[in-house]
Amino acid sequence: MNPTALITGASRGIGRGIALELAGLGWDLVLAYARNEAAAAATAADCRAAARAGGREIRAVTVQADLARAEDRATLVTRARAEFPRLDLLVNNAGVAPAVRADLLEAGEESFDRVLAVNLKGPFFLTQQVARWMLETPAALPAAGGATGGAPPRAIVFVSSISAYTASVNRGDYCISKAGLAMVVKLFAARLAEAGIGVFEVRPGIIATDMTAPVRARYDRLIGEGLTPLRRWGTPADVGRAVAAIALGLLPFSTGEVINVDGGFHLHRL
Ligand code: NAP
């Protein structure tokens, strides 16, 4: 039996990068998306192909769910449970930027509610449901022949952002949502440690995706001027590799840990 992961925001960008990495490792996948069915289907096909290239067969199932909606979160978990007997990894990756970057003194409640609902409330309550499911199933994945052991430990990942600690006064709602997510990580890490479920915050920096496309020229300039010690854009695969390390159980004595995938952006320099 392959280990199974549920990844939100898997149709595009970072979520797609994470899905492709896990597919290459032979993981079965539940790929959640909001609206972009064609992109989700393409990711699923590419994941199956990536697994096959490594001599493995995986299942990749797509599920539509708006994470801001409680009914959709429930449907997502119900569909995942119908398809797979257990879940080994949840990756809370889906997120939105504010539709308009508004100054802190002008920013409106509508944007605040939307960004907080998708980026903070959605992952919190989805994780609550998934954690209950994980706790119902045995900790170790049964190996071929029915024996247990040798499988990676279960884990939950939250994809936050450098915005969890960096003040951008033209998108305060986004920063607040990611700072809140950092506390969600600590809470679930403390709650689920006794069950052997590791909880991690993966904190990307500037990653080339649709989300950053509107500000590409500005970030090109800033990166060129040395904003990040590693002077390049991050890629979805960079984030995928960090999640793969967690999935493989390579951090066995860590939980509640922050993993920066930001080219060194977080370093204070003088
Ligand atoms: P992206 O390219 O815009 O992709 C967003 C993904 O989230 C898509 O799969 C989208 O599905 C899904 N999504 C959007 N709204 C949703 C909703 N209401 N319910 C469920 N799914 C929804 O974004 P990205 O750059 O890959 O970002 C992924 C995560 O990384 C986000 O949490 C983001 O905040 C974080 N992050 C990104 C960067 C960066 O530089 N790109 C940096 C730090 C952190 P559809 O395709 O169906 O619309």
Side-chain angles (χ1 to χ4, degrees), residues 7-16 32-36 39 64-73 76 91-128 157-188 201-228 233-234 236 239 258-268:
I7 306 167
T8 67
S11 45
R12 297 182 282 126
I14 291 173
R16 176 182 154 85
Y33 67 99
R35 285 166 300 273
N36 209 328
Q64 191 278 329
D66 179 348
L67 292 174
R69 294 167 51 92
E71 315 85 89
D72 284 22
R73 293 192 296 270
L76 173 57
V91 184
N92 288 294
N93 162 76
V96 289
V100 178
R101 292 188 172 209
D103 179 77
L104 205 60
L105 303 188
E106 309 293 337
E109 289 193 28
E110 197 182 322
S111 175
F112 188 96
D113 288 346
R114 171 176 168 270
V115 171
L116 272 285
V118 177
N119 293 5
L120 184 58
K121 183 174 144 187
F124 176 81
F125 285 105
L126 179 66
T127 299
Q128 188 185 64
V157 171
F158 292 84
V159 176
S160 68
S161 169
I162 53 176
S163 297
Y165 63 89
T166 303
S168 299
V169 295
N170 61 356
R171 50 189 174 121
D173 40 19
Y174 183 79
C175 298
I176 291 165
S177 73
K178 295 299 185 178
L181 209 53
M183 176 49 76
V184 172
V185 171
K186 293 180 204 290
L187 289 164
F188 278 109
E201 178 181 349
V202 170
R203 213 173 250 184
I206 301 168
I207 312 293
T209 69
D210 292 344
M211 186 180 277
T212 45
V215 284
R216 194 145 294 174
R218 180 166 168 261
Y219 285 159
D220 272 346
R221 181 174 53 78
L222 291 173
I223 292 168
E225 290 168 359
L227 178 70
T228 53
W233 282 78
V239 185
V258 177
I259 300 172
N260 293 292
V261 187
D262 65 355
F265 174 89
H266 66 283
L267 296 168
H268 295 282

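Hydrogens, waters and symmetry mates play no part in the numbers below; they use all other heavy atoms, side chains included.
Under the salt bridge (charged side-chain N to carboxylate O under 4.0 Å, His left out) criterion, D66 pairs with no residue, sequence neighbours left out. Applying the ring-ring contact (aromatic ring centres under 6.0 Å, His included) rule to F124 yields the partners F188; only residues at least two apart in sequence or on another chain are considered. With sequence neighbours excluded, the residues that form a salt bridge (charged side-chain N to carboxylate O under 4.0 Å, His left out) with D210 are R12. Not a single side chain to side chain donor-acceptor pair (under 3.5 Å) links T209 to another residue, sequence neighbours left out. N36 is linked by a side chain to side chain donor-acceptor pair (under 3.5 Å) to nothing, counting only residues two or more places apart in sequence or in another chain.
Note that NZ of K121 is 11.0 Å distant from CZ of R69, once rounded to the nearest 0.5 Å. Considering CG of N92 and OG of S160, their distance stands at 11.0 Å, rounded to 0.5 Å. Note that CG of L120 is 9.5 Å distant from CZ of F125, once rounded to the nearest 0.5 Å. The CG atom of D220 lies 12.0 Å from the CG atom of L227; values are rounded to the nearest 0.5 Å.
The shortest non-hydrogen separation linking R216 to W233 is O-CZ2, 3.6 Å. The minimum heavy-atom distance linking R73 with L126 is given by the pair CD-N, 3.9 Å. Between V239 and P204, the shortest heavy-atom contact is CG2-CB, 4.2 Å. When all heavy atoms of S168 and C175 are compared, the pair lying nearest together is N-SG, 3.6 Å.
Using modelled atom types, one side-chain atom of T212 and one backbone atom of I207 make a donor-acceptor pair closer than 3.5 Å. Checking side-chain atoms of R203 against main-chain N and O of I162 turns up no donor-acceptor pair under 3.5 Å. With hydrogens and angles disregarded, no donor-acceptor distance shorter than 3.5 Å links the side chain of N93 to the backbone of I7.
Contact check for V159 versus V91: side-chain heavy atoms found under the 4.5 Å cut-off. P123 places none of its side-chain heavy atoms less than 4.5 Å from the side chain of V184.
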Got a list of side-chain donor-acceptor pairs under 3.5 Å for residues 94-113, not counting sequence neighbours?
residue, atom, partner, partner atom, Å
D103, OD2, L105, N, 2.9
S111, OG, D173, OD2, 2.6

Can N119 and K178 be said to form a side-chain contact (heavy atoms from CB on, under 4.5 Å), step by step? CA-CA 7 Å; N119 293 5; K178 295 299 185 178; 4.2 Å; yes
Full working for side-chain contact (heavy atoms from CB on, under 4.5 Å) between L76 and L67: CA-CA 9 Å; L76 173 57; L67 292 174; 4.1 Å; yes
